[in-house]
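Accompanying notes for the structure given below.
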Amino acid sequence: MSIPKVRKAVFPVGGLGTRFLPATKAMPKEMLPVVDKPLIQYAVEEARAAGIEEFIFVTGRGKSAIEDHFDQSWELQEQLETKNKHQELAALGEWLPAAGAVAYTRQMEPLGLGHAVWCARNLVGDEPFAVLLADDLVLSQTACLKQMTDAYAEAGGNIVAVMDVPREHTNRYGILEPGETSGSLVQVKGLVEKPAPEVAPSTLSIIGRYILQPEVFSQLEKGERGAGNEIQLTDALAAQIGTDPFHGLRFEGERFDCGDKAGFLRANIAFALEREELRDDVQAFINNFANNS
Ligand code: G1P
């Protein structure tokens with residue numbers, strides 16, 4: 001049986017971002033910039049690099065800045081054209097998905113990640129799809145989702161991106177009970193959402209990248225509550241173990257938790273050091289700062 005291509009990606013962006021208040025009082029947390037690009041744009045560009053053609057945002061109240069970001073900005077474009085600011089013009093729109101390639105739906109209640117994904121069921125339909133959490137930013141040679149779609153083309157089924165975390169942090173993640181390993185793929189024998197370190201089946205944790213089969217929607221439909229009394233995507237996936245192939249992919253690259261202040265700051269430094277025009281300046285500042293403190 002041939003494995004169908006992953007054409008659609010879901011971006012759950014309904015979360016409140018309370019950890020970044022007051023910055024996120026009137027601005028979606030997904031619009032926080034790492035260097036000069038909002039987190040959500042990194043996620044969309046990563047999806048495009050993996051061949052995604054349709055971009056589905058599950059939004060909420062106060063998130064309209066995201067819709068404006070993925071739209072033309074005629075006034076600004078005209079002004080930049082008049083002033084011959086070609087570089088700035090390119091920064092405005094080269095990365096925009098084509099008209100009609102972006103769709104929005106709302107998560108009307110904050111009932112958890114599983115519920116957010118379920119809200120996209122009619123837009124996804126009956127085909128495999130990706131889920132990207134913009135808080136998780138990955139710096140890598142090959143886009144993290146592209147690594148996953150390449151692995152999926154061979155293995156099919158469900159695939160989650162995984163990495164080892166310190167045992168004391170297992171209660172922040174979906175944790176794998178790992179089975180056999182084949183190269184960078186680990187068979188998923190079990191999954192637990194945010195287990196305490198003493199009972200976690202491993203330290204291999206899901207970061208916010210998934211390739212999923214549409215069958216997950218029937219499980220989510222049941223609305224069963226899990227950790228934190230929320231409808232958890234991890235639980236819906238755990239219920240599917242044994243039906244389809246299911247793997248964790250140890251991806252190449254460094255993941256930054258941009259839902260956390262320290263992780264967000266680290267991401268800014270790491271991504272700035274990747275930029276030729278900023279590298280020397282930022283590096284000199286870091287060296288100086290380290291020597292003087
Ligand atoms: C969500 C998932 C969790 C996953 C994490 C990755 O948790 O529920 O399984 O490990 O994203 O960032 P959240 O960070 O939304 O609490």
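Numbering of ligands and ligand atoms starts at 1, following listing order. When reading the values below, keep in mind they use all heavy atoms of this one structure, side chains included, and skip hydrogens, waters and symmetry mates. Quick note: residue numbers are just sequence positions, from 1.
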Next on the checklist: Under a 4.0 Å threshold between the charged nitrogen and the carboxylate oxygen, would Glu230 count as salt-bridged to Arg225?
Outcome noted: no
Item to check | Basic-acidic side-chain contact under 4.0 Å: Glu53, Arg48 | outcome: no
Checklist entry - How far is atom 4 (C) of ligand 1 from its nearest protein heavy atom, and which residue and atom name does that atom have? => result Ile206 O, 3.5 Å
Next on the checklist: Quick check on Gly208 - does any of its heavy atoms sit under 4.0 Å from an atom of ligand 1?
Outcome noted: yes
Checklist entry - Is Lys189 salt-bridged to Glu180, cutoff N-O under 4.0 Å? => result no
Checklist entry - Is any side-chain N of the basic residue among Lys83 and Glu88 closer than 4.0 Å to the acidic one's carboxylate O? => result no
Checklist entry - What atoms in ligand 1 come closer than 4.0 Å to a heavy atom of Gln232? => result 8 (O)
Checklist entry - Which one holds for Asp135 and ligand 1: side chain close, backbone close, both close, or neither close, with close meaning a heavy atom under 4.0 Å? => result neither
Next on the checklist: Any nitrogen or oxygen of Leu133, side chain or backbone, less than 3.5 Å from one on ligand 1?
Outcome noted: no
Checklist entry - What protein heavy atom sits nearest atom 9 (O) of ligand 1, and how far off is it? => result Glu193 OE1, 2.7 Å
Checklist outcome for this item: Among Arg172, Lys194, Glu230, the residue with a heavy atom nearest to atom 7 (O) of ligand 1 is Lys194
Checklist entry - Are Phe57 and Ile40 close enough, and set up right, to give a side chain to side chain contact (heavy atoms under 4.5 Å, CB included), and what steps lead you there? => result CA-CA 10 Å; Phe57 292 80; Ile40 188 63; 3.6 Å; yes
Item to check | Ile56 reachable from Leu145 in the ILVMFWY side-chain graph, under 4.5 Å edges | outcome: no
Checklist entry - Of the options Leu191, Leu204, Leu176, which is the one that meets Val160 in a side-chain contact (heavy atoms from CB on, under 4.5 Å)? => result Leu176
Checklist outcome for this item: Near Thr234 (heavy-atom distance under 4.0 Å), the atoms of ligand 1 are 9 (O)
Checklist entry - Would a 4.0 Å cut-off, counted as strictly less than, catch a protein heavy atom around atom 12 (O) of ligand 1? => result yes
Checklist entry - Is there a heavy atom of Asp136 sitting under 4.0 angstrom from any atom of ligand 1? => result yes
Under 3.5 Å, which donor-acceptor pairs do the side chains of residues 241-270 form with other protein atoms, sequence neighbours left out?
{"from": "Thr243", "atom 1": "OG1", "to": "Gln240", "atom 2": "O", "distance (Å)": "2.5"}
{"from": "Arg250", "atom 1": "NH1", "to": "Asp164", "atom 2": "OD2", "distance (Å)": "3.0"}
{"from": "Glu252", "atom 1": "OE1", "to": "Gln141", "atom 2": "N", "distance (Å)": "3.4"}
{"from": "Glu252", "atom 1": "OE1", "to": "Gln147", "atom 2": "NE2", "distance (Å)": "3.4"}
{"from": "Glu252", "atom 1": "OE2", "to": "Gln141", "atom 2": "N", "distance (Å)": "3.3"}
{"from": "Arg255", "atom 1": "NE", "to": "Asp136", "atom 2": "OD1", "distance (Å)": "2.8"}
{"from": "Arg255", "atom 1": "NH1", "to": "Tyr173", "atom 2": "OH", "distance (Å)": "3.0"}
{"from": "Arg255", "atom 1": "NH2", "to": "Asp136", "atom 2": "OD1", "distance (Å)": "2.6"}
{"from": "Asp257", "atom 1": "OD1", "to": "Gly259", "atom 2": "N", "distance (Å)": "3.0"}
{"from": "Asp260", "atom 1": "OD2", "to": "Ala262", "atom 2": "N", "distance (Å)": "3.2"}
{"from": "Asp260", "atom 1": "OD2", "to": "Gly263", "atom 2": "N", "distance (Å)": "3.0"}
{"from": "Lys261", "atom 1": "NZ", "to": "Arg19", "atom 2": "O", "distance (Å)": "3.4"}
{"from": "Asn268", "atom 1": "OD1", "to": "Val35", "atom 2": "N", "distance (Å)": "2.6"}
{"from": "Asn268", "atom 1": "ND2", "to": "Phe264", "atom 2": "O", "distance (Å)": "3.2"}

Checklist entry - Considering distance alone, does some N or O of Gly174 sit under 3.5 Å from an N or O of ligand 1? => result yes
